[in-house]
Amino acid sequence: MLDISLGQLGSGSTLLALAAALYGAVAGVVGALRRDARLQTSARLAAVATFLGATAAIVLMELALLSDDFSVSYVASQSRIDSPLWVKIVTLWAALEGSVLLWAWLLTLYGALLAVAAPLNVLRPWALAVMQLVQVFFLGVVATAANPFTVLPLPPADGPGPNPLLQNHWMMAVHPLLLYLGFVGLTVPFAYAMAALITRRPGSEWMTQTRRWTLTGWGFLSAGIVAGGWWSYEVLGWGGYWAWDPVENVSFLPWLTATAFIHSVQVQERRRMLKAWNILLITLTFALSILGTFLIRSGIVSSVHAFGDGPVGPIFLAFFIVVMLASFGLIALRWDQIRDRAELDAVVSREGSILVGNVLFLAMAFAILLGTLFPLIVEAISGEKVTVGAPFFDQVSRPLWLLILLLMGIGPLLPWRRADSQRLSSNLAWLLGGGIAAGLLALLAGLRGLYPLLTVALAGYNLVSLGLLLLGVVLPRARISKRSVVAVFRSYAFENRRRFGSMVVHFGVTVIAVAVMASSAYRVDEQLRLEFGAEVPFQGYELRAVDRFMEESPQGVSAGVEIVVERAGRTLTELRPRLNLFGQNPQLIPTPAVLYRPQHDLYLSIAGRLDPEAEFVVIRAVQSPLITWIWVGGLIVILGTSYALSPGGRQLRERQRQGAVRA
């Protein structure tokens, strides 16, 4: 009887998926050139087969992890027998080889959905072929340089387990998956942009067909970034959520360019302008996601999020260069067809505000990219190590964000082509009145400093803008239809989900802006020595360390301290910050304890080691005003994006009409 291991089956599944992707790409290109419907259908079936092969590889890897099959190299290097079930499952994306396998699988998922669900037109075969070529690269990396299925001749009895930081919080099961869904999802509009260039159809057709794909990818990426901030807050013990870490930066760069693209496509749809700009933006978004993948997996940046040194760095760098040369070469070849014939009628217009906003997004992306790569460039040239810290990124990004908030309020109120001066003056009066009122209230509440006051003023300015947008569509309809304002509002929100969803997203961004300002400008961070049994005051609280504790489990050992939190003589809660050891790994991992409150959080983590003989414990205590509203604002953004993606009344009626026609 033939004895085949899970590693051999996994390698075979990966190779089958690679062969199917390669065949699909060739068949798709030939079928599109010859207009051969059978070859095009074959390429679509190959996309589904590629997904099935990659899914088999994912399932086999999970089986190897869950069954502790240490003959599989990835399991031997990243898993451990005593790891909890959820840790074994998420170990799939805990290291380089598994993360590339996950990326490849999600690519095949999007490719299969594209093959099955995308409408039949001249763009689809080419878009699918581009997707399959990208799949060939990632599956090729999995099959060769980053093969997680290599069979070990002498498997160990147990493994070390994944990085201790990744075992410390359930968010590890969510954050990377959301990021990958976002990065990979944005490959679809890139593929359609390349298809539009290849077929000489760079109009708005490709954008119309990718609108939902783009918003889906952007939504997942937004959720992944917010979830990553929460993971950092809950795990790393420093009381913050964003440190301008190189890996954080490279995840943020595609988000900035994708956000610019989502706004910019409206101009092309409405005014037939910015064709070249939009293709450049989505190409840059895809290229930045590949560049980020190279930086994370090459070992050239130091980060708690990076995968360390690995063999795939040069391969991803070469792929990044190929993508840049091929895509920008194609753009140059088709430049005469994509350059704008129409001109901007006036800067003070909807399209003018979007264009200025795009310039701000790109300026921020360029500054962050420069700050991230500058130390690497200096070290490569001179051998000297330099750092670019958070102060640089804060000084660059804050004024740009304030300008973006300024545009976010006035832009949606501006008409297309040219603004009417009387209407503009009226809207500006309301906006400035709301901003000044919010700023004065903040000043009376005790806020000081230009950045905090401007942020609160711009938040009020944006809330007034959202109110004017809603009143501008609801009141005239209620007056004409003789219906109540509430009934008209519900009807408008249902019929215009894309528009209403964007308002919800803008509201969520406003909430996040205020929360980021408050949690950074008014953060209090102190180290406290708590004598056991004695009360120590901190920002209106009384903290009392009452006892130590130690908990052992097959996963590891946790030691911590119980701290009673009181306010005005009343006990609020008991917090239990701790330090963890996972398996045989000597690295101490802190688990802070957080009292979440709407006005501020109380965040406690153990500073240094916990001495069992000492009569005291040193605690890092952090109070961050409004920090919880960052996560609330992120949730609002995701809900708004989901609502904008859901079918509204018009889409449902169109689907019913198409169903009736087919019937």
- Message: For the backbone of Leu369 and the side chain of Asn249, can you confirm whether one donor and one acceptor N or O come within less than 3.5 Å of each other?
- Response: no
- Item | Exam field: side chain Glu248 to backbone Asp245, donor-acceptor pair closer than 3.5 Å | yes
- Can Ser519 and Tyr241 be counted as having a side-chain donor-acceptor contact under 3.5 angstrom? yes
- Query: Among Tyr541, Tyr596, Tyr233, whose ring-ring contact (aromatic ring centres under 6.0 Å, His included) with Tyr603 holds?
  - Reply: Tyr233
- Item | 4.5 Å side-chain heavy-atom contact, Tyr461 and Ile410 | yes
- Whether Trp170 and Trp230 hold their rings parallel, tilted or perpendicular, with breakpoints at 30° and 60°: perpendicular
- Message: Pair Ser264, Asn278 - check side chain to side chain donor-acceptor pair (under 3.5 Å), show working.
- Response: CA-CA 7 Å; Ser264 183; Asn278 288 324; 2.5 Å; yes
- Message: When you measure from the side chain of His175 to the backbone of Gly224, do you find a donor-acceptor pair of N or O atoms at a distance under 3.5 Å?
- Response: yes
- Message: Parallel, tilted or perpendicular, judged at 30° and 60°: which one describes the rings of Trp242 and Phe252?
- Response: perpendicular
- Task: Only pairs at least two apart or in different chains count here, so list each side-chain hydrogen bond (donor to acceptor under 3.5 Å, both in side chains) that has a residue in residues 213-223.
- Result: Trp218-Thr259, Ser222-Trp255
- Message: Between Ser349 and Leu414, is there a side-chain heavy-atom distance shorter than 4.5 Å?
- Response: no
- Query: Any donor-acceptor pair under 3.5 Å linking the side chain of Arg523 with the backbone of Val622?
  - Reply: no
- Task: Mark yes or no for whether Arg448, through its side chain, and Leu443, through its backbone, hold a donor-acceptor pair below 3.5 Å.
- Result: yes
- Query: Would you say Thr187 and Val130 make side-chain contact, with heavy atoms under 4.5 Å?
  - Reply: no
- Name all residues meeting the side chain to side chain donor-acceptor pair (under 3.5 Å) criterion together with Trp629; count only those two or more places apart in sequence or in a different chain, and write none if there are none. none
- Task: Keeping the roles fixed (side chain from Arg44, backbone from Ala115), state whether a donor-acceptor pair exists under 3.5 Å.
- Result: yes
- Query: Is the cationic atom of Arg477 (NZ for Lys, CZ for Arg) positioned less than 6.0 Å from the six-membered ring centroid of Tyr492 and within 45 degrees of its normal?
  - Reply: no
- Item | Within residues 107-128 or reaching into it, pairs that qualify as side-chain hydrogen bond (donor to acceptor under 3.5 Å, both in side chains) - sequence neighbours excluded | Asn121-Gln209
